[in-house]
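First the proteins, then the strands, lettered A, B, ... as listed; each starts at 1. All of these numbers come straight from a predicted model, not from anything done at the bench.
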Amino acid sequence: MGKKCLITSALLYVNGTPHLGHVIGCLLPADVCARFKRLQGDEVLFIGGTDEHGTASEFGALKAGLPVEVYCEQNHMMHRKLYEGLNLSMDYCGRTSSKQNQEIVYRIFSALDKNGYITEKTIEQVYSIDDQQFLADRYIVGTCPYCGYENARGDQCEHCTKVLDPTELKNARSAISGSSHLEVRKTKHLFLDLPKLQSLIEKWVKTREFMWPDLSYTIAQKWLKEGLKERCITRDLKWGFPVNKPGYEDKVFYVWFDAPIGYIGITKQWSDEDPEHRHWEDWWLKPDDVTYIEFMGKDNVPFHSVSFPGTLMGTGEPWTLVSQLKGVSYLNFNGGKFSKSAGRGVFLDDALKEFPADYWRYWMMANMPETSDVNFKFDAFAGQINKDLNDVLGNFVNRVMKMTQSNFGLVVPEGGALTDEEKQLYATLADLISKYTQYMNDLEWRKALATLREIWVEGNNYIARTEPWKVAKTDKQRAACILRTGLNLIRIEAILLSPIMPTFAKEILSLLKLPEPTGWVNAQDINKEMSYLAPNTELGEPRLIFSKITPEMVTSLSEKYHENDVKE
RNA sequence: CGCGGGGUGGAGCAGUCUGGUAGCUCGUCAGGCUCAUAACCUGAAGGUCGCGAGGUUCAAAUCCCGCCCCCGCAACCA
């Protein structure tokens, strides 16, 4: 086994179906990275799961008429099923509400408290007498004092986008019961003393300057520059871990505190299932042995680059801190945000019904919002699937297979010596493969996928130059060499493709009667890689593995998902 | 004057840090080929790089200044 590589995908909030935006930002790139690192020979642990505590869950459960534990359990299973559908190779899909996470949260909190990074403050919060609970700002609704919108939320008016204080609302009422029987009460809470940790965090962030993409580093810098503020880590709620400090037994930890710790808690869930062979401490408390890569949307970057590392550093224990932090921008739908309630956008459950998971995986990796927000459109999606996968890659595989079959039968052709044509191809391939590998390592996906496509084009180019369909009529030996070269290139292409489209990669390999890949392609050893398939090796029956998306399908999908509705 | 990101041929992007003939994919047009999913290969047209007849420089998409437009964020909605 190679070096240890810990990979986490941001934990999605458990209520609600994930949409393509959630997938593109964290789940998918984390999976591609995990698959790639495994093929490179690293010992990978890919952790994901659902974030479950907080008012939103309580509220969701109430609406569903279920106890919150049951509601979360059901939704967690729904997430899990969708992740499987998307072919995510998570080593463990856990939950922030697990008892393991509770243990770790207590451990970290106690250490922070002992080290003097926890402070007490009294704050004012709105209490709903009928609901018998404090209300989070966004669960107080009323009339916006600025624009008169009647369903403005306590934190912000969705209509005029003005940021509000809940006490400003007219006709304020509880979003849970609708009761307007509210009052402001004083309540004591615990805060994480981030200002005290600031210099420690700053020093550490500086060490990440060249490891993080610009977007992540700039966002972290921005927060540090503005100066960190103390952050409340407790709430007056029931759904959460009770605070393990005398005087706070009736309060729970705030989601943002226990959510990132969830990565550790979930690793312990994984570890507890096979304690003899799995040791969570090896991943989280031996930082020198582990490279840790995180994936998330840009809104999550401040937590992962500043507050979570600060939390861990404040314990004084040697927790593993993030090495590479990939934050990406958003995927929009017709220029607007995905929104379940507005029925706008493609959600993962529907997406998987419309097309194979690998189509989505390919499109999203090739169009990763790395520099700015990206728009999803069905015609662009179809265009790329048709051109890249069908015409360029699929066609290359098919024409080589068919020509081999008709000229030599279903075996790797024997005979013919390499010419300058092959040597030139090898050199180009070695160059492109090492570029591709580098981009994958650097998490530069758009460039990686563009390079991958160049490799496919190079295959077609080689076939066009060498014209095996002509040569076969006059020089069987030469044709054998060309097609054998083509077949070996198919194998390489399938392996290079496998982190991105595992299912189709497997199918392509099955055409060559090869099993799933177990290792990466070594660009330095291109001669060996290109002669992997020995002459006379049996081949499978040629068949088309990709199919096109017709213009009619595009039209109907566009209508079905309201792609052209006027954006709000 | 809140903060951040973006504005490059019809569309989507790279190039900007480290100034030096503007590059890629799609689309369009022409040609080649006919093994292959009307697929593949080659070539061409098309931009002077948001604006300022602004500054620096022998030279600016790239550095500096001013302005405009789009997107996102503003500490519980990737």
**Student:** Is Val457(A) touching bases, backbone alone, or none of the nucleic acid, heavy atoms closer than 4.0 Å?
**Tutor:** sugar-phosphate
**Student:** Indicate yes or no: does Asp31(A) engage Arg361(A) in a salt bridge with an N to O separation below 4.0 Å.
**Tutor:**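 So Asp31(A) pairs with Arg361(A) through a salt bridge.
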**Student:** Using atom C1' in both nucleotides, what's the gap between A61(B) and G23(B) to the nearest angstrom?
**Tutor:** 12 Å
**Student:** Does the base of U37(B) carry an N or O that pairs as donor and acceptor with the side chain of Asn395(A) under 3.5 Å?
**Tutor:** no
**Student:** Please name the nucleotide paired to G2(B) by Watson-Crick or G-U wobble geometry with both distances under 3.5 Å, or report none.
**Tutor:**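 WC or wobble partner is C73(B).
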**Student:** Hey, which sits more toward the 5' end of RNA chain B by its nearest nucleotide, Leu12(A) or Val392(A)?
**Tutor:**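 Looking at the nearest nucleotide for each, Val392(A) comes out on the 5' side.
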**Student:** Between A75(B) and U56(B), how far is it from one P atom to the other, in whole Å?
**Tutor:** 44 Å
**Student:** Rounding to a whole Å, what distance do you find between Ile455(A):CD1 and C24(B):C1'?
**Tutor:**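 Going from Ile455(A) (CD1) to C24(B) (C1'), I get 16 Å.
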**Student:** Please measure how far the P atom in A74(B) lies from the corresponding atom in C69(B), and state the result in whole Å.
**Tutor:**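 After rounding to an integer number of Å, I get 23 Å for this pair.
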**Student:** Which nucleotide sits closest to the side chain of Lys229(A): A39(B), A75(B), C41(B)?
**Tutor:** A75(B)
**Student:** Taking atom P in both C13(B) and U18(B), compute the distance separating them and give it to the nearest angstrom.
**Tutor:** 26 Å
**Student:** Need the pair for C24(B). Rule: Watson-Crick or G-U wobble, both distances under 3.5 Å, any strand; none if unpaired.
**Tutor:** G12(B)
**Student:** Counting only heavy atoms not in Lys121(A), do more than 12 sit closer than 6.0 Å to its NZ atom?
**Tutor:**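 Yes.
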**Student:** What integer number of Å spans the P atoms of G50(B) and U8(B)?
**Tutor:**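 After rounding to an integer number of Å, I get 6 Å for this pair.
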**Student:** Examine C24(B): is either OP1 or OP2 under 4.0 Å from a nitrogen or oxygen in the side chain of Arg453(A)? Give yes or no.
**Tutor:**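 The answer is no; no side-chain N or O of Arg453(A) sits under 4.0 Å from OP1 or OP2.
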**Student:** Name the pairing partner of G46(B), where a pair is Watson-Crick or G-U wobble with both distances under 3.5 Å, or state none.
**Tutor:**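 Looking at the geometry, G46(B) pairs with no nucleotide.
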**Student:** Counting just side-chain N and O atoms, does Asn398(A) come under 4.0 Å of either OP1 or OP2 of U37(B)?
**Tutor:** yes
**Student:** Sticking with atom P, work out how far C64(B) lies from U57(B), rounded to a whole angstrom.
**Tutor:** 16 Å
**Student:** Using atom P of each nucleotide, how far apart are U25(B) and A45(B) to the nearest Å?
**Tutor:**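 These two P atoms come out 16 Å apart once rounded.
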**Student:** Is the phosphate of U42(B), meaning OP1 or OP2, less than 4.0 Å from a side-chain N or O of Asn461(A)?
**Tutor:**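 Yes, Asn461(A) has a side-chain N/O under 4.0 Å of OP1/OP2 on U42(B).
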**Student:** Would you confirm whether Tyr117(A), through its side chain, and Leu197(A), through its main-chain N or O, come within 3.5 Å as a donor-acceptor pair?
**Tutor:** no
**Student:** What are the two closest heavy atoms between Val255(A) and Tyr13(A), and how far apart are they?
**Tutor:**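 Closest heavy-atom pair between Val255(A) and Tyr13(A): CG1-OH, 4.1 Å.
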**Student:** Answer yes or no: does a side-chain N or O of Lys447(A) lie under 4.0 Å from OP1 or OP2 of G15(B)?
**Tutor:** yes
**Student:** Can you see if the side chain of Ser329(A) gets near the phosphate of G6(B) - specifically, an N or O under 4.0 Å from OP1 or OP2?
**Tutor:** no
**Student:** Any side-chain N or O of Lys387(A) under 4.0 Å from OP1/OP2 of C40(B)?
**Tutor:**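 True: Lys387(A) side-chain N/O within range (under 4.0 Å) of C40(B) OP1/OP2.
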**Student:** Indicate whether OP1 or OP2 belonging to A39(B) is found under 4.0 Å from a side-chain N or O atom of Lys548(A).
**Tutor:**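 Affirmative; the distance criterion is met.
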**Student:** Tell me what Ser547(A) touches on the nucleic acid: a base, only sugar-phosphate, or nothing, going by heavy atoms under 4.0 Å.
**Tutor:**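 Here Ser547(A) touches no strand at all.
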**Student:** Does the distance from a Lys or Arg side-chain N to an Asp or Glu carboxylate O, for Glu507(A) and Arg543(A), drop under 4.0 Å?
**Tutor:**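 Counted as a salt bridge, because a side-chain N and a carboxylate O are separated by less than 4.0 Å.
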**Student:** Can you tell me the base-pairing partner of U37(B)? Count Watson-Crick or G-U wobble geometry only, both distances below 3.5 Å, and say none if there is no partner.
**Tutor:**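 With both distances under 3.5 Å required, U37(B) matches none.
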**Student:** What is the pairing partner of C17(B), taking Watson-Crick or G-U wobble pairs with both distances under 3.5 Å in any strand?
**Tutor:**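 Result: none.
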**Student:** Taking the P atom of each, how far is G20(B) from C49(B), in whole Å?
**Tutor:** 16 Å
**Student:** Quick one: which of Tyr561(A), Phe333(A), Tyr362(A), Phe355(A) gives a ring-ring contact (aromatic ring centres under 6.0 Å, His included) with Phe381(A)?
**Tutor:** Phe355(A)
